[in-house]
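Beneath this line is the structure, given in structure tokens, with notes to follow.
For the numbers below, each heavy atom of this structure counts, side chains included, while hydrogens, waters and symmetry mates do not.
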Amino acid sequence: VQLQASGGGLVQPGGSLRLSCQASKSIVSINVMGWYRQAPGKAREPVAKITSGRSTNYADSVKGRFTISRDNAKNTVFLQMNSLKPEDTAVYYCNTDFPYYPWGQGTLVTVSS
């Protein structure tokens, strides 16, 4: 499966962005889909995950601000990001849970005034 993230950009603190992840094949049979991020000089970390049953969990740092969703018919996973903070600046990737598919290029989110 190839995973292509998009929707990143430059946004001011307090702003919003919606990221999309397009999979190259059906995700219906993939139980867990997630968003991860890697800030400069830091390790990649999980941000949000969603199961095929639509159960979700979030990193403490984004709870109440980010919302993950999936559209199996379109093989797409979304991440709605609100109330963005400078510390949300990172390259965002989507993938399943371990073992991972090959990582895509990700999409850069920059939160800055």
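No donor-acceptor pair closer than 3.5 Å links the side chain of Arg44 to the backbone N or O of Tyr93. One N or O on the side chain of Thr89 and one on the backbone of Val111 form a donor-acceptor pair closer than 3.5 Å. Asp71 contributes no side-chain N or O that, together with a main-chain N or O of Thr76, makes up a donor-acceptor pair within less than 3.5 Å. Here the side chain of Thr96 pairs a donor or acceptor atom with the backbone of Val32 at under 3.5 angstrom. Side chain of Asn31 to main chain of Thr51: no donor-acceptor pair is present (N/O by atom type, distance under 3.5 Å, no hydrogens or angles). The main-chain N or O of Ile68 is found under 3.5 Å from a side-chain atom of Tyr58 such that the two form a donor-acceptor pair. A donor-acceptor pair under 3.5 Å is absent between the side-chain atoms of Gln22 and the main chain of Gln2, judged by distance alone.
Note that CG of Asn75 is 6.0 Å distant from CD1 of Ile27, once rounded to the nearest 0.5 Å. Residue Gln4 holds its CD atom at 8.5 Å from SG of Cys94, rounded to the nearest 0.5 Å. In this structure, CD1 on Ile50 lies 13.0 Å from CD1 on Ile30, to the nearest 0.5 angstrom. For the atom pair Ser55 OG and Lys49 NZ, the distance stands at 13.5 Å (nearest 0.5 Å). The OG atom of Ser112 sits 12.5 Å away from atom CG of Asp88, with the distance rounded to the nearest 0.5 Å.
Residues Trp35 and Phe66 have side chains not in contact (no heavy-atom distance under 4.5 Å, counting atoms from C-beta outward). Within the 4.5 Å cutoff, the side chain of Leu3 has heavy atoms near those of the Met33 side chain. The shortest distance between side-chain heavy atoms of Arg37 and Glu45 falls below 4.5 Å.
Residues Ala48 and Leu79 come closest through the heavy atom pair CB-CD1, 4.1 Å.
Clustering ILVMFWY residues whenever any of their side-chain heavy atoms sit less than 4.5 angstrom apart, transitively, puts Phe78 in a cluster other than the one holding Val109. No path of Ile, Leu, Val, Met, Phe, Trp and Tyr side chains, each step under 4.5 Å between heavy atoms, connects Val91 with Tyr101, placing them in separate hydrophobic clusters. Clustering ILVMFWY residues whenever any of their side-chain heavy atoms sit less than 4.5 angstrom apart, transitively, puts Val1 in a cluster other than the one holding Trp103.
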Show me, pair by pair, the donor-acceptor contacts under 3.5 angstrom made by side chains of residues 12-21, not counting sequence neighbours?
unit_1: Ser16; atom_1: OG; unit_2: Asn82; atom_2: OD1; d: 2.9

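Note: Tyr100 and Phe98 have perpendicular aromatic rings, judged against thresholds of 30 and 60 degrees for the angle between ring planes.
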